[in-house]
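In listed order, ligands and their atoms are each counted from 1.
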Amino acid sequence: MIRIRTLSLLLTILLLSGLSSHAEDGYRLWLRYEKIPNKNILKEYSSQINSIYFEGNSTTIFAAKEELLNGLTGLLGSEIKEINRIKSTGSVVLAVYSSSKLLNELNIAGQLSDLGNEGFLILTTTVKNKKSIVITANTDVGVLYGVFHFLMMIQTNQPIDKINFASAPKIKLRLLNHWDNLDRFVERGYAGFSIWDWHKLPDYIYPQYKDYARANASIGINGTVLTNVNANARVLTEDYLIKVTALANVFRPYGIKVYLTARFSAPIEIGGLKTADPLDNNVRQWWNKKVEEIYKLIPDFGGFLVKANSEGQPGPQNYGRSHSDGANMLADALKPFGGIVMWRAFVYSNETPEDRAKQAYNEFKPLDGKFKDNVLVQVKNGPVDFQPREPFHPLFGSMPKTPLMMEFQITQEYLGQATNLVYLAPMYKECLESDTFTKGKGSTVTKIIDGSIDNHTLTGIAGVANTGTDRNWTGHLFGQANWYAFGRLAWNHQLSSEEIADEWIRMTFSNSKEIVASIKKVMLSSHEYCVNYMTPLGLHHIMGWDHHYGPAPWIKEKHRADWTSVYYHRADSNGIGFDRTATGSNATSQYATQVNNNFSSLETCPDEFLLWFHHLPWNYKMKSGRTLWDKICYKYNWGVNGVRGMIKIWNSLEGKIDPMRFKHVKMLLSIQEKEAAWWRNACLLYFQTFSKMPIPIEYEQPDKTLDYYMSLEFPYAPGI
Ligand code: BDP
């Protein structure tokens with residue numbers, strides 16, 4: 001009796017954990033390859049794939065084969081046979097190759113010619129009279145991407161009997177930027193320490209390195225900047241370059257190039273020179289030699305990412321030179337080897353008596369046309385700094401002669417860090433789809449960064465990574481969705497947030513209609529809720545000092561005004577908001593006329609950006625008829641209630657997904673609810689000291705005093 005009970009208990013546990021032989025700790029990301037639970041679908045697939053035929057023997061083809069074999073074996077629950085010749089009799093075959101005589105038989109040269117170096121084609125067809133699914137490309141890495149796409153199709157239960165699907169990336173450089181330090185501390189990292197164990201490199205290679213490469217390749221990411229933009233010159237010393245080489249060797253089969261951040265003063269710090277002046281011959285020689293040394297070790301090294309003359313980092317302006325002087329010096333050194341420079345436009349100075357939101361444009365716009373052809377200028381999505389919501393950066397469209405590279409943040413520095421579930425695809429899409437009007441209607445940010453408007457072939461997009469040593473890689477399981485979404489959008493910016501969420505949920509959790517619909521609902525509304533419980537109506541930069549955790553609209557009188565909150569919200573007894581129209585800082589003038597007019601007029605300025613561009617009285621009448629103060633109260637409450645709605649939906653999934661991940665997310669959602677209410681209470685109480693108006697009684701009233709919220713300290717908040 002007891003035994004039977006124990007047995008059934010064990011069975012229940014197994015069932016609840018999705019009958020998985022693996023702990024559902026999130027380590028496998030979206031590449032779980034669990035056996036398809038639906039018997040009919042499984043049967044359908046099994047009848048269409050019985051053997052695999054591969055051609056090619058590069059390390060990339062080997063990686064593709066390994067992935068396909070492991071993936072299919074897991075998904076179909078039985079081992080797939082590899083054959084070394086396609087015979088005209090026998091069972092259905094999955095054939096994978098990039099250059100093969102077999103291709104002639106298929107008559108697909110036309111289709112292949114559009115695919116470039118990374119695209120792929122998946123085709124259900126006949127090869128040697130036998131029904132086959134062919135995965136092919138012009139290159140081995142294209143084949144690898146095709147394999148991952150095919151596995152995604154199976155993971156998401158798509159039909160494979162009539163595939164004719166071709167895809168090529170729209171942006172050339174699709175990179176993660178790791179803000180990882182050599183001591184393994186990750187700046188703005190909320191998932192533990194850096195996954196790069198520099199101390200044990202080059203000899204100790206963690207399995208995570210390969211799994212990281214697999215995950216990235218599966219979403220088309222083709223480069224990784226290993227080190228923090230606040231750079232340490234030491235990574236350019238021989239000892240460290242050997243360590244970098246070891247990582248590059250792991251990533252290479254997966255089509256991923258390594259890049260490093262170059263500290264501008266490296267010639268002084270590790271080169272023994274007296275200057276880092278970019279026009280000094282010795283300095284130029286030093287960089288030339290350094291780059292040569294790097295390429296000897298890493299022949300496909302990608303290039304440098306540089307943060308210069310920003311937030312205390314050294315740069316060409318220390319020597320009276322311009323950003324283009326600095327970038328071009330490095331570009332010259334990299335050019336013979338095919339390397340590139342990504343020079344960041346994230347520059348602003350507290351000493352410049354100008355709205356911070358305007359400074360990057362003022363600095364960089366005059367440099368358009370002055371950069372060498374292997375330089376990209378990397379621009380953050382918005383003009384301030386990765387806030388929960390920002391209008392698009394006015395540099396997009398303003399430097400037609402320069403390839404501009406997008407920089408998004410995947411790590412949620414200002415979006416609840418690793419305790420808030422905030423799906424970022426809608427935020428990325430909002431920016432990408434913004435119309436800059438710089439070349440007439442339809443000049444979207446997307447068309448600027450994919451090069452189509454200004455005919456650039458060197459194009460790029462970067463995401464500041466959210467990975468760390470946490471077992472599930474990203475701290476919050478749903479952080480994985482943001483990594484996934486970034487990669488998918490970098491490959492194809494036409495995908496919708498919903499399509500991407502759909503794929504990710506099916507691969508990560510389940511293909512059950514109910515589970516997919518519920519989780520999608522949670523994800524798709526999460527960003528809007530977050531914006532509203534943190535910074536509604538265009539408010540921005542009102543977070544905690546230094547660590548950026550939680551609300552602190554009261555921050556003032558610090559050594560840099562542009563790092564305080566009062567600089568941005570400008571609340572006083574008259575009203576709130578930053579006048580960036582012609583009567584104020586005139587930041588709106590940096591946009592094309594249509595956009596300028598749109599943001600400048602109270603008639604047309606979207607509510608989402610109202611207080612970003614306007615300073616308005618507390619009793620200002622909103623379009624809804626509410627006063628501004630009431631609307632602020634309404635919005636904060638809407639955000640908090642939204643989180644409660646997310647919790648309800650999540651709780652409805654209890655017992656339907658494995659207990660480990662269910663509980664993980666449930667606990668984090670309850671933290672998120674507390675944090676959302678904290679944001680609302682602290683901000684409303686603080687702004688109320690100026691508005692002097694009551695929080696309407698239909699809303700939940702703060703349960704603590706403003707003094708209490710202001711007294712909170714977080715000296716050990718992560719990621720500082
Ligand atoms: C800010 C971060 C800071 C980064 C900086 C940057 O707080 O840690 O160094 O961005 O992008 O948002 O350089």
Fill in the blank from the handout: Note: heavy atom closest to atom 10 (O) of ligand 1, options Lys380, Glu413, Lys307, Arg188, belongs to Lys380

Practice task
Starting from atom 8 (O) of ligand 1, find the nearest protein heavy-atom neighbour and note its residue, name and distance.
Solution key: Glu187 OE2, 2.3 Å

Handout entry: Salt bridge flag under 4.0 Å for residues Asp373 and Lys335
Key = yes

Problem - Side-chain donor-acceptor contact under 3.5 Å, Tyr190 with Asp470 - result: no

Fill in the blank from the handout: Taking only non-hydrogen atoms of His548 and a 4.0 Å limit, the atoms of ligand 1 in range are 7 (O)

Problem - Structural part of Gln409 in contact with ligand 1, heavy atom criterion under 4.0 angstrom - result: neither

Practice task
Please determine if Arg488 forms a cation-pi arrangement with Phe486, meaning its NZ or CZ atom is less than 6.0 Å from the six-membered ring centre and no more than 45° off the ring axis.
Solution key: no

Practice task
Would you kindly say whether Asn177 and Gln378 are connected by a side-chain donor-acceptor distance under 3.5 Å?
Solution key: yes

Exercise for the section: Kindly say whether the aromatic ring centers of Phe687 and His569 come within a distance under 6.0 Å. Expected result: yes

Problem - Interfacing atoms of ligand 1 (cut-off 4.0 Å, heavy-atom, Val229) - result: 13 (O)

Problem - Side chain, backbone, both or neither: Asn230 near ligand 1, heavy atoms under 4.0 Å - result: side chain

Handout entry: Arg234, CZ atom: more than 12 neighbouring heavy atoms under 6.0 Å
Key = no

Practice task
Verify whether one side chain among Asn181 and Asn228 offers a donor that lies under 3.5 Å from an acceptor in the other.
Solution key: yes

Problem - Nearest protein heavy atom with distance in Å, relative to atom 5 (C) of ligand 1 - result: Glu311 OE1, 3.4 Å

Fill in the blank from the handout: Restricting to heavy atoms, the pick from Ile720, Val384, Asp385 nearest atom 12 (O) of ligand 1 would be Asp385

Practice task
Check whether any N or O atom of Tyr414, backbone or side chain, sits under 3.5 Å from an N or O atom of ligand 1, and answer yes or no.
Solution key: yes

